[in-house]
Chemist: 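Pasting in a structure now, in C-alpha cells, and then I'll have a few things to ask.
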Amino acid sequence: MDDANPLEQALHAARALVLADLAARDVADAGVVSLVEDAVTHRRWWVEQWPDGVEYLAGLVAQDVQDALLERYGRWPLCPVCDMGDPHALDVEPELGPDPHWVCAKAGVVVAPVGGLQ
C-alpha cells in the first residue's frame, strides 16, 4: 500500500471494514469478497471525480455491498436487536457522511460502527 496516497489508504480501510463485518456474520465467501472488490473499484472512480468524498468511502462501500447482496443473496446484515416480526436489514447512517454506523431504523438504535459487527 502506498502510505503517501490518502485515496488508497481510504479504499483499503473501507475494504477492510466491510470485510470484517462480512466475516463477523460468516458470509465472506469468494463470491461475496468479489462484490466488495467491485464496490471498491467503483468507488475508486467515484472519489477520483469527487476527492472531498474520501471520508465517505467506508459507508458507501458498505451500502454498495449491501445492495449487491440484496440482489443476489438477500438482506444483510440482519438486525440482531429486533427478535419479533419479519427479519430486516440494518441501515448505514449517515447515508453520506463520515463515521458510518449500522443502525436499526425500526428500533432507532445504533448497533455498531461499520467494521464493528459481531
Side-chain angles (χ1 to χ4, degrees):
M1 176 167 66
D2 180 1
D3 289 333
N5 186 333
L7 168 59
E8 287 305 314
Q9 286 180 338
L11 288 165
H12 286 289
R15 176 190 294 116
L17 291 171
V18 174
L19 287 173
D21 284 343
L22 290 162
R25 295 297 173 93
D26 203 25
V27 292
D29 66 25
V32 173
V33 170
S34 167
L35 295 176
V36 175
E37 295 305 320
D38 291 347
V40 168
T41 298
H42 170 73
R43 290 301 171 179
R44 176 178 282 113
W45 176 88
W46 177 85
V47 82
E48 286 170 351
Q49 308 309 305
W50 188 49
D52 290 344
V54 73
E55 66 183 329
Y56 308 146
L57 283 173
L60 291 170
V61 169
Q63 289 174 53
D64 292 345
V65 170
Q66 186 178 38
D67 291 346
L69 283 169
L70 180 60
E71 290 175 15
R72 296 183 188 186
Y73 301 105
R75 287 180 232 134
W76 175 87
L78 291 178
C79 179
V81 176
C82 300
D83 51 5
M84 302 294 264
D86 291 332
H88 57 277
L90 297 172
D91 297 325
V92 174
E93 288 187 7
E95 285 188 30
L96 187 61
D99 194 27
H101 284 72
W102 293 109
V103 300
C104 171
K106 266 187 166 179
V109 298
V110 174
V111 174
V114 168
L117 288 178
Q118 300 194 8

Chemist: When rounded to the nearest 0.5 angstrom, what distance separates NE2 in H88 from CG in D86?
Modeler: 9.5 Å
Chemist: Looking at G53 and V47, what are the two nearest heavy atoms and their distance?
Modeler: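 What the structure gives for the nearest pair is C-CG2, 3.8 Å.
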Chemist: Quickly, which of L17, L11, V40 forms a side chain to side chain contact (heavy atoms under 4.5 Å, CB included) with L57? Name it, please.
Modeler: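 Going through the options one by one, the only one that passes is L11.
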Chemist: Around Q118, counting heavy atoms of other residues, nucleotides and ligands shown, do more than 12 lie under 6.0 Å from its CD?
Modeler: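 No, not enclosed.
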Chemist: For A39 versus V65, what's the shortest heavy-atom pair and its separation?
Modeler: CB-CG2, 4.0 Å
Chemist: Which heavy atom of A20 sits nearest a heavy atom of G115, and at what distance?
Modeler: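 Taking A20 first and G115 second, the nearest heavy atoms are CB-O, 3.9 Å.
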Chemist: What's the spacing between H12 NE2 and N5 CG if we round to 0.5 Å?
Modeler: 8.5 Å
Chemist: Identify, with sequence neighbours excluded, every residue that meets salt bridge (Lys or Arg N to Asp or Glu O under 4.0 Å) alongside R25.
Modeler: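 Testing R25 for salt bridge (Lys or Arg N to Asp or Glu O under 4.0 Å), a comparison that skips the adjacent residues, returns none.
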Chemist: Is a donor on one side and an acceptor on the other found under 3.5 Å between the side chain of Q66 and the backbone of L90?
Modeler: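 Judged by distance alone, yes, a pair lies under 3.5 Å.
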Chemist: For G116, is there any backbone N or O sitting under 3.5 Å from a side-chain donor or acceptor partner on D21?
Modeler: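 Flag set: sc D21 to bb G116 pair under 3.5 Å.
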Chemist: In terms of heavy-atom contacts, does CH2 of W45 have more than 12 from other residues, nucleotides or ligands at under 6.0 Å?
Modeler: no
Chemist: Please lay out, stage by stage, how W102 and V92 fare under the test side chain to side chain contact (heavy atoms under 4.5 Å, CB included).
Modeler: CA-CA 5 Å; W102 293 109; V92 174; 3.3 Å; yes
Chemist: Tell me the closest heavy-atom pair linking A105 and D91, and the distance in Å.
Modeler: CB-OD2, 3.4 Å
Chemist: Taking atom CG as the centre, does D26 end up with more than 12 heavy-atom neighbours from other residues, nucleotides or ligands that are less than 6.0 angstrom away?
Modeler: no
Chemist: Quick check for you: to the nearest 0.5 Å, what is the distance between L96 atom CG and E55 atom CD?
Modeler: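 CD of E55 is found 9.0 Å from CG of L96.
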Chemist: Walk me through it: do D64 and V18 pass the test side chain to side chain contact (heavy atoms under 4.5 Å, CB included)?
Modeler: CA-CA 10 Å; D64 292 345; V18 174; over 6 Å; no
Chemist: When rounded to the nearest 0.5 angstrom, what is the spacing between CD in E37 and CG in L19?
Modeler: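 Spacing of CD (E37) from CG (L19) equals 7.0 Å.
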Chemist: Please say whether more than 12 non-hydrogen atoms of neighbouring residues, nucleotides or ligands are located less than 6.0 Å from CD in E48.
Modeler: yes
Chemist: Sequence neighbours excluded and cut-off under 3.5 Å, please list the side-chain donor-acceptor pairs for residues 73-85, or say none.
Modeler:
from: R75; atom 1: NH1; to: P87; atom 2: O; distance (Å): 2.2

Chemist: So, do R15 and V36 sit near enough that their side-chain heavy atoms are less than 4.5 Å apart?
Modeler: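 The answer is yes, as the side chains (C-beta and beyond) meet within the 4.5 Å cut-off.
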Chemist: Taking transitive links into account, so neighbours of neighbours count too, which hydrophobic residues share a cluster with V110 at under 4.5 Å side-chain distance?
Modeler: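 Its cluster partners, ordered by chain and number, are V103.
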